[in-house]
S.K.: 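This is the structure I want to talk about, given as structure tokens.
Lettering follows sequence order; numbering is per chain, from 1. The analysis underlying the following values was restricted to heavy atoms, covering all of them including side chains, and did not include hydrogens, waters or symmetry mates.
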Number of protein chains: 2
Amino acid sequence: MTVTIKDIAHASGVSYSTVSKALRNSPLVKPDTKKKVLQVAEQLGYTPNFAARSLASKKSQTIGLVWPTIERIALSALVTKINEVVEKNSYSMILSVNRAKEAVELFKSFRVDGIMIFEEGGETQLSDDTGLTIPILSYGVSGEHTHPIIDVNHKKAIYKAVAYLYQLGHKNISYVGDLSPADKRQIEKSKGFEEVMMEAGLKLSRNSILNTNGLSWYNGYTAAKKLLQQTSKPTAIISGSYDISVGILRAVKEQQLSIPEDLSLISYDNIPQMASLETPLTSVGVPIDQLAHKMVDSLLSLIREPGSIPLTQKMDPELNVRMSCASPAVLGKENN
Amino acid sequence: MTVTIKDIAHASGVSYSTVSKALRNSPLVKPDTKKKVLQVAEQLGYTPNFAARSLASKKSQTIGLVWPTIERIALSALVTKINEVVEKNSYSMILSVNRAKEAVELFKSFRVDGIMIFEEGGETQLSDDTGLTIPILSYGVSGEHTHPIIDVNHKKAIYKAVAYLYQLGHKNISYVGDLSPADKRQIEKSKGFEEVMMEAGLKLSRNSILNTNGLSWYNGYTAAKKLLQQTSKPTAIISGSYDISVGILRAVKEQQLSIPEDLSLISYDNIPQMASLETPLTSVGVPIDQLAHKMVDSLLSLIREPGSIPLTQKMDPELNVRMSCASPAVLGKENN
DNA sequence: TTGTACGCGTTATCAG
DNA sequence: CTGATAACGCGTACAA
């Protein structure tokens with residue numbers, strides 16, 4: 001039999017409405033009574049019923065996080081951090097690994113106070129809410145969108161990567177990433193690369209931008225393999241994501257090449273996992289701490305007051321130097 | 001303004017109890033009315049209120065999954081699969097990345113119908129529920145436990161790994177894993193190794209079982225590095241987990257050794273990520289499809305009828321051959 | 001087959 | 001400060 005506030009009221013000799021107040025730490029109850037009630041609640045093993053609470057208060061103190069791509073691990077550290085920040089703000093967080101549409105439906109049913117969406121790949125077009133409307137915040141790419149998003153300044157990221165490589169002496173740099181038109185974020189990365197290279201006066205050849213046709217490690221692997229088998233190889237590669245980098249590493253190994261001796265590699269995604277690869281990679285991206293705080297603060301602000309944050313907020317990426325870059329080999333090496 | 005069944009009732013000219021029945025697809029309503037009600041509901045953009053539904057029915061049709069170690073990616077594929085199976089059974093699933101204790105509290109507040117716990121490392125002792133009691137199923141190691149668990153037959157796994165290596169000609173096999181007494185699962189793995197080696201008549205030296213003192217890739221890395229620097233190296237290693245294997249790979253690379261030419265490696269954890277490593281690893285473990293089905297079926301059965309499943313269920317592991325094992329090098333090589 | 005009425009556990013609004 | 005009491009949205013006996 002479940003313990004309710006009525007049971008507590010009975011056991012502690014006050015009315016259940018007083019119990020309710022005491023449990024919510026209302027200033028309207030005498031400290032003595034409050035203490036007693038809490039004690040009894042503890043003793044009885046009381047667990048609040050969110051369903052009832054949410055039904056009565058129209059608030060759930062919970063936010064939902066949609067994360068359909070848990071296999072793409074680039075985000076797991078971010079999720080953990082976000083959870084931490086959420087709790088610090090005395091909210092709870094629940095996740096769903098369903099596709100965005102289904103997950104949002106689920107969260108709506110739960111009447112979460114706000115929703116965060118992590119989508120990599122094709123962004124779902126969320127139907128205009130005919131019914132109830134819940135604050136939604138996406139970690140996504142700028143463009144047409146009705147919900148606010150937190151985005152990364154992709155061009156700046158690419159800029160930092162290219163500048164770093166340039167300073168090491170690289171002129172022949174390739175970008176390897178997914179170019180499928182459905183994924184705006186990936187498009188933006190490659191376009192940024194194009195622009196930065198132009199601005200730096202570095203020439204773009206046919207091999208400068210390589211389409212992996214997908215975001216999995218295998219796509220990166222096949223693309224890199226093709227690239228590395230050619231006679232005129234780049235001296236440095238910028239990879240569009242963690243997973244693609246994993247594939248590139250594999251291809252590099254199979255071609256008996258060494259990083260950074262034969263090839264420098266910078267990866268997108270500034271995550272801890274970069275350091276634990278068989279070859280630790282230098283990377284660019286927004287530090288997860290910053291991202292987590294920005295996202296949670298924004299969503300909570302949105303919950304408090306609709307329209308209180310800009311539709312687009314861009315975060316500044318940073319370069320995280322590890323050991324996968326070096327000055328390009330001397331000329332003779334090119335005939336390899 | 002949120003749409004409720006009363007609104008639907010009003011708009012479609014029936015009572016709201018009829019609407020309720022229609023929405024739940026009860027046989028007690030005429031198909032005509034049912035169709036009409038559903039249509040109106042759709043039109044109005046109705047979203048059921050789980051809070052209310054759960055309050056009234058005392059069921060949430062939702063299970064909670066506790067997963068504090070999302071960084072340890074070995075389980076992400078399993079989680080996705082479980083979600084799939086759960087939905088197929090017309091339940092929903094929500095996740096929490098909190099520590100088990102907090103997560104269970106959260107889920108209890110939500111009145112989920114059942115809870116699954118994924119803990120790697122120290123298993124939390126859940127307090128005896130003074131209050132409400134929810135079916136809990138753990139993915140854990142056998143031992144003292146009050147909640148039912150799904151476990152892996154670790155000894156069999158090790159047996160398969162050793163047998164495979166033995167057949168390839170290996171006699172000098174080491175196990176590299178975490179031996180911290182807090183983690184029963186890891187203990188069981190290493191003990192299994194010991195037993196199997198004894199039974200196979202293979203001798204155990206001081207280097208046969210190596211304690212990584214932790215489960216992260218870095219722990220695997222330092223342990224392997226120490227091992228590989230010695231003059232008498234094993235010809236094959238069995239690694240206790242995916243992450244540890246990642247570390248071993250890194251150490252192997254730094255020592256300028258090749259897999260499988262200089263060293264064979266089999267990893268625990270039968271997950272897709274094994275194939276995408278820079279060096280794809282042969283692995284042993286329970287196929288995730290089987291695991292997912294067993295876990296979901298067991299929990300649902302537990303929800304339907306408490307005590308309807310055994311306290312411990314062991315799953316049979318399988319060997320997944322990739323390319324990280326070969327016959328040991330000829331004798332001369334040993335002087336490397 | 002449909003409608004009425006009550007209860008689920010909690011919050012919130014008043015009146016004491 | 002405390003205690004009734006009316007919602008909150010829905011499921012479900014029970015009545016019609």
Side-chain angles (χ1 to χ4, degrees), chain A residues 1-38 40-41 44-62 90 92 108-113 131-132 134, chain B residues 1-38 40-41 44-62 105 107-113 131-132 134:
Chain A
M1 190 52 196
T2 313
V3 182
T4 76
I5 56 173
K6 283 187 182 164
D7 300 324
I8 301 177
H10 199 76
S12 52
V14 294
S15 82
Y16 70 87
S17 95
T18 304
V19 172
S20 172
K21 285 168 197 150
L23 289 173
R24 312 220 68 218
N25 201 20
S26 157
L28 300 176
V29 280
K30 201 162 45 176
D32 282 359
T33 10
K34 194 182 290 183
K35 193 185 287 180
K36 169 146 199 191
V37 167
L38 289 178
V40 174
L44 262 47
Y46 168 74
T47 306
N49 186 325
F50 276 29
R53 182 174 285 181
S54 140
L55 191 57
S57 71
K58 302 206 157 214
K59 286 193 164 57
S60 61
Q61 285 289 312
T62 303
S90 50
S92 297
K108 278 189 179 174
S109 306
F110 270 109
R111 296 296 190 273
V112 298
D113 295 341
L132 76 165
I134 295 181
Chain B
M1 190 50 195
T2 312
V3 182
T4 76
I5 55 172
K6 280 187 185 166
D7 301 322
I8 301 178
H10 200 75
S12 51
V14 293
S15 83
Y16 69 86
S17 100
T18 304
V19 173
S20 170
K21 284 169 197 149
L23 289 173
R24 311 224 71 220
N25 202 18
S26 155
L28 299 177
V29 279
K30 203 160 45 175
D32 282 358
T33 11
K34 192 181 294 182
K35 194 185 286 179
K36 171 149 197 187
V37 167
L38 291 177
V40 175
L44 263 47
Y46 169 74
T47 307
N49 186 323
F50 272 33
R53 186 173 281 183
S54 143
L55 237 200
S57 70
K58 303 206 154 210
K59 286 193 162 59
S60 61
Q61 284 290 312
T62 303
E105 281 310 307
F107 286 148
K108 278 189 179 175
S109 304
F110 271 111
R111 297 295 192 273
V112 297
D113 295 341
L132 76 166
I134 293 182

S.K.: To the nearest Å, how far apart are A:Leu23 CG and C:dT11 P?
M.R.: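 For the pair A:Leu23 CG and C:dT11 P, the rounded distance is 7 Å.
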S.K.: Can you tabulate the close N/O pairs, meaning under 3.5 Å, that link protein atoms to atoms of nucleotides 13-15 of chain D?
M.R.:
none

S.K.: To the nearest Å, how far apart are A:Leu55 CG and C:dT11 P?
M.R.: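 In whole Å, C:dT11 P lies 11 Å from A:Leu55 CG.
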S.K.: Between C:dG3, D:dG11, D:dG9, which nucleotide gets closest to the side-chain atoms of B:Ser57?
M.R.: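 When the side chain of B:Ser57 is considered, D:dG11 is the closest of C:dG3, D:dG11, D:dG9.
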S.K.: Send over the distance from B:Lys6 NZ to C:dG3 P, rounded to a whole Å.
M.R.: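 B:Lys6 atom NZ is separated from C:dG3 atom P by 15 Å.
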S.K.: Can you find a pair of side-chain heavy atoms, one from A:Thr2 and one from B:Arg111, that are under 4.5 Å apart?
M.R.: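 Yes, side chains in contact.
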S.K.: Between D:dC10, C:dT10, C:dG3, which nucleotide gets closest to the side-chain atoms of B:Arg53?
M.R.: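 Nucleotide nearest to B:Arg53's side chain: D:dC10.
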S.K.: Going by heavy atoms closer than 4.0 Å, what residues in residues 29-36 of chain B are next to DNA chain C?
M.R.: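 Hits under 4.0 Å, by residue number: B:Val29, B:Lys30, B:Thr33.
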S.K.: Rounded to whole Å, how long is the line connecting atom NZ of B:Lys59 with atom C1' of D:dG11?
M.R.: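 Taking atom C1' of D:dG11 as the reference, NZ of B:Lys59 is at 12 Å.
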S.K.: Regarding A:Ser20, tell me which of base, sugar-phosphate or nothing describes its non-hydrogen contacts under 4.0 Å with the strands shown.
M.R.: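 If one applies the 4.0 Å heavy-atom cut-off, A:Ser20 turns out to touch a base.
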S.K.: Return the value, rounded to whole Å, for the distance between atom CG of A:Leu28 and atom C1' of C:dA15.
M.R.: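 For the pair A:Leu28 CG and C:dA15 C1', the rounded distance is 14 Å.
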S.K.: Check whether any side-chain heavy atom of A:Thr62 sits under 4.5 Å from a side-chain heavy atom of A:Asp113, and report yes or no.
M.R.: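 Answer no - side chains too far apart.
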S.K.: Taking the axis from the first five pairs and the axis from the last five, what angle separates them in the helix from C:dT1-D:dA16 to C:dG16-D:dC1, rounded to 10 degrees?
M.R.: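 Rounded to the nearest 10 degrees, the bend comes out at 40°.
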S.K.: Atom NE2 of B:His10 and atom C1' of C:dG3: how far apart are they, to the nearest Å?
M.R.: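 Those two atoms, NE2 and C1', are 16 Å apart.
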S.K.: The side chain of B:Ala56 is closest to which nucleotide in this list: D:dC10, D:dC8, C:dT10?
M.R.: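 Looking only at side-chain atoms, B:Ala56 lies closest to D:dC10.
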S.K.: Please determine if a side-chain N or O atom of B:Ser15 lies less than 4.0 Å away from the OP1 or OP2 oxygen of C:dT2.
M.R.: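 Checking B:Ser15 against C:dT2: no side-chain N or O falls below 4.0 Å of OP1 or OP2.
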S.K.: Grab the OH-P distance between A:Tyr16 and D:dT2 for me, whole Å please.
M.R.: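 In whole Å, D:dT2 P and A:Tyr16 OH are 17 Å from each other.
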S.K.: To the nearest Å, how far apart are A:Ile5 CD1 and C:dT10 P?
M.R.: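 About 5 Å, once rounded to whole Å.
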S.K.: Kindly say if B:Lys58 contacts the phosphate of C:dG9, meaning a side-chain N or O under 4.0 Å from OP1 or OP2.
M.R.: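 Checking B:Lys58 against C:dG9: at least one side-chain N or O falls below 4.0 Å of OP1 or OP2.
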